[in-house]
Q: 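Please find one structure pasted underneath; my questions will follow.
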Amino acid sequence: MILYLCILLILVMASADSYAADGPRKKRKKHAADTVLVIVRDTVQMTDTMYVPYVFMEKTCPEVVRPGIEVLEMMDFGPLKGKRVGLVTNPSGVDRNLRSTIDILYNADGVELVALFGPEHGVRGDVYAGGKVHDVVDKTTGLPVYSLYGATRKPTPEMLEGIDVMVYDIQDVGARSYTFISTLGLVMEACSELGIEVMVLDRPNPLGGLKVEGCVAEDGLISFVGQYKIPYIYGLTVGELARLINEEGLNCGQTGGQEPSHCNLTVIPMTGWTRDMLYADTGLPWLLPSPNIPTAESAINYSAAGICGELYNYLNIGIGYTLPFGVFGATWIDAEALKAELDSYCLPGVEFRTIYYKPFSGSSAGQLVKGVQYFFTDYEAATVTLIQFYVMQAVTRLYPDKKPFETATGVGLFDKVCGTSYIRTQFGKSCKVSDIEQYWNKDVADFKALSCRYWLY
C-alpha cells in the first residue's frame, strides 16, 4: 500500500509539473498508454487547478482524436460513478461511431442519468432556428427533457433537484454569437448556486485553436448572442472556454450585470487534438449542431457571413438554400461585377466565384439570386470575419443606393452580435473596411495572451 501511494504521488507531481504552466503546451511524444488529464476546478481555492492522471492500460493507443465522451468511457465513467447525472446535449453529442452521449450515459454501469436538458433546437434537434423548445419526455429513454430555450434559459432549482453533476456535451462552432456557449454559462451559474458540479466533455473547435478575431463584447451589449467579454472568434475549445469564463470572472449572467459566478468545474479533455487542426483533420464525423450548420465548413462560414445575416432582407447568405452562410447574393446584383470588385481587393486566403441560385425559403424564395460563393484557399492567412464586410463594401461601391443599414428592413441583433455599436455607426458612414478594421481587432493580442493560460492542448 505504501509503495502504491508513493507511485500515485509521483504521478500527480509529475502531471502538475508538466501541465500546470500558464503557457501553451508543447506537443508530447505518444506512448503506448496515454495519460488523460481531468481538469478539476475548486470554487474555494480559486488559485489552483488540480490535475488528476488516469493511466489506461492499453497495449496501443493510436494517434486519433477522441472527444471527451470517448475519454470518459475509457475511464469507465469513473468521475460519474454513483452520481445522479443531468445532461445538456443535442444530436452533435456523439462518439466516432455515432452513438449518442444520451445512450452512452444511460446504459453506463454505475451511472444514473436522470434528466436531459435541451438548448436551442432541442435535445434531438427537432426544433428549427428560433423555435421554442418545450419540456417533454424523451421517447427513447423515458427521461424528462427540460427546455433551456424559451421562457426558461437558465435551469431552475426544480429542474436541478436531485442532480449531483451536470454534464455538457455539444459541438461548438467557435463563434461568440452561437447560443450554446451562452446556455453553458447559464447552466454553470445555476449549478454554482446549488453546489452542483458541472462537467464539460470537450470537443474540437472547428475553427482551430489559433485563430482569434473581433473585439471583446462591450458593456450594454452583453446578451444571449454575446454573453461573455471575449472576441467574436475566440480560438478555444468549449472546455477551455468554460475554464476561462469560470476562472476569469466572465460568467456574469445573460446581460452581464451580475456578480461573477464560479462553479465546481470538471473538464474531460480530448486526446489527439492539436491547435492547428480544423475539423476535417480530426477524422470525426460531423453531426449538424443546428439546422444551418450542416457541415464543418459551414461552421467556419458562420463567422464569415453570419453577422451580415443580421441585416434583414439585405443580402441572401444562403439560408434557405443548400449553402447556408456560404454565399452572398441578391436579385438585383450583377454577379460578374461583384466578383470583379472583390477580386480587386486581393483578399488574403479567400477566392470568389459567381453563383446563381433560387432559395427554397425566405424572402427570396423562388427568385433568381445572383452573387458570389467564397472559398478559403489559405485559411491561416484569411481574416474570416471581415469577409462579410468586404462584400458589403463591394456592394455599396457598385450600388451606392444599396447601403446596408439603409437597405435592410431591420438591423435586428447586429450590434449585439458584433458586441459593439461602433461597427454599425462607423461602417455605415462610408462602408469601408479600413474604417473599422483596427477597432474590430483591437483586443486580439490581449485576449491571446490571456486565453493561452487555459489551453489544454
Side-chain angles (χ1 to χ4, degrees), residues 128-130 173 175 177 288 290-377 379 382-414 417-418 423-424 427-428 430-433 436:
Y128 202 70
V173 303
S177 60
L288 69 174
S290 56
N292 287 318
I293 311 290
T295 66
E297 181 182 2
S298 59
I300 299 175
N301 292 347
Y302 175 84
S303 290
I307 299 175
C308 178
E310 296 298 335
L311 301 176
Y312 304 153
N313 299 317
Y314 172 51
L315 296 179
N316 182 283
I317 58 171
I319 304 300
Y321 186 61
T322 57
L323 296 169
F325 305 109
V327 296
F328 297 93
T331 58
W332 40 266
I333 282 178
D334 181 328
E336 293 288 349
L338 179 57
K339 179 185 183 302
E341 179 68 21
L342 288 165
D343 287 347
S344 72
Y345 299 161
C346 298
L347 301 182
V350 63
E351 295 289 343
F352 299 89
R353 79 171 187 97
T354 57
I355 189 170
Y356 305 84
Y357 60 97
K358 290 184 178 181
F360 310 126
S361 62
S363 61
S364 301
Q367 302 180 62
L368 182 63
V369 172
K370 298 160 284 185
V372 293
Q373 183 181 8
Y374 62 96
F375 300 85
F376 291 103
T377 56
Y379 176 73
T383 306
V384 175
T385 50
L386 288 183
I387 290 173
Q388 55 210 312
F389 291 100
Y390 277 111
V391 171
M392 288 188 275
Q393 173 181 306
V395 169
T396 303
R397 285 179 61 86
L398 294 172
Y399 307 95
D401 60 333
K402 296 288 189 180
K403 292 183 178 179
F405 303 107
E406 297 174 7
T407 303
T409 58
V411 297
L413 299 173
F414 187 88
V417 167
C418 286
I423 301 302
R424 176 179 52 82
F427 188 74
S430 59
C431 295
K432 293 182 179 179
V433 175
I436 63 169

Q: Residues in side-chain hydrogen bond (donor to acceptor under 3.5 Å, both in side chains) with Tyr302, at least two apart?
A: Ser177
Q: Can you name the nearest heavy-atom pair linking Gly349 to Ala382, along with the distance?
A: O-CB, 4.0 Å
Q: Can you name the residues that form a side chain to side chain contact (heavy atoms under 4.5 Å, CB included) with Ser344, not counting sequence neighbours?
A: Glu341
Q: Find out whether Thr377 and Val350 are in side-chain contact, i.e. whether some heavy atom of one side chain is under 4.5 Å from a heavy atom of the other.
A: no
Q: Can you list the residues that meet the side chain to side chain contact (heavy atoms under 4.5 Å, CB included) rule with Thr295, with sequence neighbours excluded?
A: Glu297, Ser298
Q: Run the side-chain hydrogen bond (donor to acceptor under 3.5 Å, both in side chains) test against Lys403 and tell me which residues pass, sequence neighbours left out.
A: none
Q: Given the rule in the side-chain contact (heavy atoms from CB on, under 4.5 Å) test, do Leu342 and Tyr345 qualify, once you have shown the distances and angles that lead to the verdict?
A: CA-CA 5 Å; Leu342 288 165; Tyr345 299 161; 4.1 Å; yes
Q: To the nearest 0.5 Å, what is the distance between OG1 (Thr396) and CD (Glu406)?
A: 9.0 Å
Q: Got a donor-acceptor contact below 3.5 angstrom from the Gln388 side chain to the Ile307 backbone?
A: yes
Q: Under the side-chain contact (heavy atoms from CB on, under 4.5 Å) criterion, do Val384 and Tyr379 qualify, and how do the steps go?
A: CA-CA 8 Å; Val384 175; Tyr379 176 73; 3.8 Å; yes
Q: Give the minimum heavy-atom separation between Val173 and Ile293, together with the two atoms involved.
A: CG1-CG2, 4.2 Å
Q: Of all heavy-atom pairs between Ile319 and Asn316, which one has the smallest distance, and what is that distance?
A: O-ND2, 3.8 Å
Q: How long is the gap from CG on Leu338 to CD1 on Ile355, to the nearest 0.5 Å?
A: 12.0 Å
Q: Once the angle between the rings of Phe389 and Phe414 is folded into 0 to 90°, is it parallel (under 30°), tilted (30 to 60°) or perpendicular (over 60°)?
A: perpendicular
Q: Please check if the distance between the ring centroids of Tyr314 and Phe405 is under 6.0 Å.
A: no
Q: The test is side-chain contact (heavy atoms from CB on, under 4.5 Å); show your working for Ile300 and Phe376 and say whether it passes.
A: CA-CA 10 Å; Ile300 299 175; Phe376 291 103; 3.6 Å; yes
Q: Just do the side-chain contact (heavy atoms from CB on, under 4.5 Å) check on Cys308 and Leu315 with the steps written out, would you?
A: CA-CA 8 Å; Cys308 178; Leu315 296 179; 4.1 Å; yes
Q: Could you state the interatomic distance from CE (Met392) to OG1 (Thr407), rounded to the nearest 0.5 Å?
A: 11.5 Å
Q: List for me each residue that meets side-chain hydrogen bond (donor to acceptor under 3.5 Å, both in side chains) alongside Ser303, sequence neighbours excluded, and say none if there are none.
A: none
Q: Out of curiosity, Arg424 CZ to Cys418 SG, how far, rounded to the nearest 0.5 Å?
A: 9.5 Å
Q: Between Thr409 and Asn313, do the side chains contain a donor N or O and an acceptor N or O under 3.5 Å apart?
A: yes
Q: Could you pull out all residues at least two apart from Ser430 that satisfy side chain to side chain contact (heavy atoms under 4.5 Å, CB included)?
A: Lys432, Asp435
Q: Name all residues meeting the side-chain hydrogen bond (donor to acceptor under 3.5 Å, both in side chains) criterion together with Gln373; count only those two or more places apart in sequence or in a different chain, and write none if there are none.
A: Arg353
Q: Partners of Lys339 by salt bridge (charged side-chain N to carboxylate O under 4.0 Å, His left out), sequence neighbours excluded?
A: Asp343
Q: Does Tyr321 have any ring pair (Phe, Tyr, Trp, His ring centres under 6.0 Å) partners at least two apart in sequence or in another chain, and if so, which?
A: Tyr357, Phe360
Q: Of all the heavy-atom pairs spanning Pro294 and Leu288, show the shortest one and how long it is.
A: CA-CB, 3.8 Å
Q: Answer yes or no: is there a donor N or O on one side and an acceptor on the other, between the side chain of Gln367 and the main chain of Ser363, under 3.5 Å?
A: yes
Q: What are the two closest heavy atoms between Leu413 and Tyr312, and how far apart are they?
A: N-OH, 4.2 Å
Q: Taking the side chain as C-beta and beyond, is there a heavy-atom pair between Tyr374 and Val391 under 4.5 Å?
A: no
Q: Please table the atom pairs, donor to acceptor, closer than 3.5 Å between any side-chain atom in residues 323-335 and protein atoms at least two apart or in another chain.
A:
from	atom 1	to	atom 2	distance (Å)
Asp334	OD1	Glu336	N	3.1
Asp334	OD1	Ala337	N	3.1

